[in-house]
Protein chains: 2
Amino acid sequence: MHKKTHVKKRAKSPQELRGRIWIDGKEGTFLGYGRIVLLEMVREHGSITKAAKSMGMSYRHAWELVDSMNSQARRPLVESSTGGKGGGGARLSEDGKKAVKLFWKFYADFQNFLKHEKKALTLLK
Amino acid sequence: MHKKTHVKKRAKSPQELRGRIWIDGKEGTFLGYGRIVLLEMVREHGSITKAAKSMGMSYRHAWELVDSMNSQARRPLVESSTGGKGGGGARLSEDGKKAVKLFWKFYADFQNFLKHEKKALTLLK
DNA sequence: AAGCGTAGTATACTGAAGGGAATAACGGAA
DNA sequence: TTCCGTTATTCCCTTCAGTATACTACGCTT
């Protein structure tokens, strides 16, 4: 056995440790990087429509993300209204602001963790 | 603005911090959880076919993962042969064994990190 | 020489994620 | 009353990851 080993082209190994963190809820993902950025864009622009555009994301997708977050939080993270001045809009609730802060705290800790782990990455020398 | 807030059904917040880590290479993912388990199954069963079956994975997908790992490593992690006793087979190279060990080290560190971070997760009280 | 189970490869199918577009409801402003 | 921009919702389409299937090449064993 193992007489003929199949060898193919290989790279020069610029390997890098990567990772993601998120917070799960009952319906799957509750908060993740993209969702948090979306919350920030909602706060900044005052509407889901503009937040979506600023991220190059379809309104449909943005609305689904907001709906998913609101339905998994104890209280809505985004409060929205239709009609009225400017046609309506959306804004971050106090819980929404807290969620953003909390996630960035975890995120910073995680980036720090990755940084320290990379020092040990002398893979397959 | 914000006269009528749209409220929907919401869950009871059994939120949990989750995450993934992996090692990137030139072609994207080099080593991740599933790939490492696949390497272990190859070592245990001596063939890509059986390894794939043991994971409920198609042979094609398993072969592509092995090919991706081999082509991004300096030296192949899996050595395979066709024909002969049993029709051929596959086995883990020394580098393959090292890759498995190294990943589990990172993985354990990461699980430990998550465990400690969870203590701070008193989300949206 | 024939059989066997594997590696390796190509093609078609499937399902889920997400984009695009269309539409109704809404409620201030003009 | 009409206009306007947004939320909320629906339907269709594309893309992509992975499955299913079928086939050839291989080389030891009998």
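Side chains included, hydrogens not; waters and symmetry mates left out as well; all remaining heavy atoms used. In the text below, chain A, chain B and the rest are named by the order of the sequence lines, each starting its count at 1.
Side-chain proximity of T82(B) to the nucleotides dT29(D), dT9(C), dT6(C) is greatest for dT6(C). Closest to the K50(B) side chain, of the nucleotides dA8(D), dT6(C), dT6(D), is dT6(C). The side chain of H61(B) approaches dT19(D) more closely than any other nucleotide in the set dA8(D), dT19(D), dT9(C). If you check dT9(C), dT29(D), dG19(C) against the side chain of Y59(B), the one that comes closest is dT9(C). Nearest to the side chain of A90(A), among dT6(C), dT7(D), dG8(C), sits dT7(D). Among the nucleotides dT6(D), dA8(D), dT6(C), the one closest to any side-chain atom of S47(B) is dT6(C).
The existence of a salt bridge linking R60(A) and E64(A) is confirmed by a sub-4.0 Å separation between a basic side-chain nitrogen and an acidic carboxylate oxygen.
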Show the atom names and distances, to 0.1 Å, of all donor-acceptor pairs under 3.5 Å that link a side chain in residues 50-59 of chain A to residues at least two apart or in another chain.
{"residue": "S54(A)", "atom": "OG", "partner": "A51(A)", "partner atom": "O", "Å": "2.7"}
{"residue": "S58(A)", "atom": "OG", "partner": "H61(A)", "partner atom": "N", "Å": "3.1"}

For residues 101-113 of chain A, which side-chain donor-acceptor pairs fall under 3.5 Å, sequence neighbours excluded?
{"residue": "W104(A)", "atom": "NE1", "partner": "E40(A)", "partner atom": "OE2", "Å": "2.8"}
{"residue": "K105(A)", "atom": "NZ", "partner": "D109(A)", "partner atom": "OD2", "Å": "2.7"}
{"residue": "Y107(A)", "atom": "OH", "partner": "Q111(A)", "partner atom": "NE2", "Å": "3.4"}

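At whole-Å resolution of the value, NZ in K53(B) and C1' in dT19(D) are 14 Å apart. Atom CG of D67(A) is separated from atom P of dT10(D) by 11 Å (rounded to the nearest Å). In this structure, H45(A) places its NE2 atom 11 Å from P of dT6(D), rounding to the nearest Å. Atom P of nucleotide dA7(C) and atom CD of E79(B) are separated by 14 Å, given to the nearest angstrom. Across the protein-nucleic acid pair, W63(A) atom CH2 and dA17(C) atom C1' stand 16 Å apart, rounded to whole Å. The separation between I48(A) atom CD1 and dT7(D) atom P is 5 Å, rounded to whole Å. Taking atom CD on E64(A) and atom C1' on dT7(D), their separation rounds to 14 Å, with Å as the unit. Between the CZ atom of R91(B) and the C1' atom of dT6(C) there is a distance of 16 Å, given to the nearest Å.
Residue-to-nucleotide proximity on DNA chain C shows that, of G84(A) and M57(A), the 5′-proximal contact is made by M57(A). Each of G87(A) and G56(A) was assigned the nucleotide of DNA chain C with the nearest heavy atom; the assignment lying further toward the 5' end belongs to G56(A).
Partners of R18(A) by side chain to side chain donor-acceptor pair (under 3.5 Å), not counting sequence neighbours, listed by chain and number: E16(A), D24(B). Legend: residues meeting side-chain contact (heavy atoms from CB on, under 4.5 Å) with E44(B), ordered by chain and number and at least two apart, are M41(B). Every residue was checked against the side chain to side chain donor-acceptor pair (under 3.5 Å) condition with S47(A), not counting sequence neighbours, and none meets it.
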I'd like a table of atom pairs between the protein and nucleotides 10-14 of chain C - only N or O on both sides, under 3.5 Å - with the distance next to each one.
{"residue": "dT11(C)", "atom": "O4", "partner": "R60(B)", "partner atom": "NE", "Å": "3.3"}

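Proximity of S81(A) to the phosphate of dT7(D): no side-chain N or O atom is located under 4.0 Å from OP1 or OP2.
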inquiry  = For a side chain to side chain donor-acceptor pair (under 3.5 Å) check, start with the C-alpha distance between E27(B) and S71(B), then their side-chain angles and the critical distance, and finish with the verdict.
reply    = CA-CA 9 Å; E27(B) 304 167 12; S71(B) 65; 3.3 Å; yes
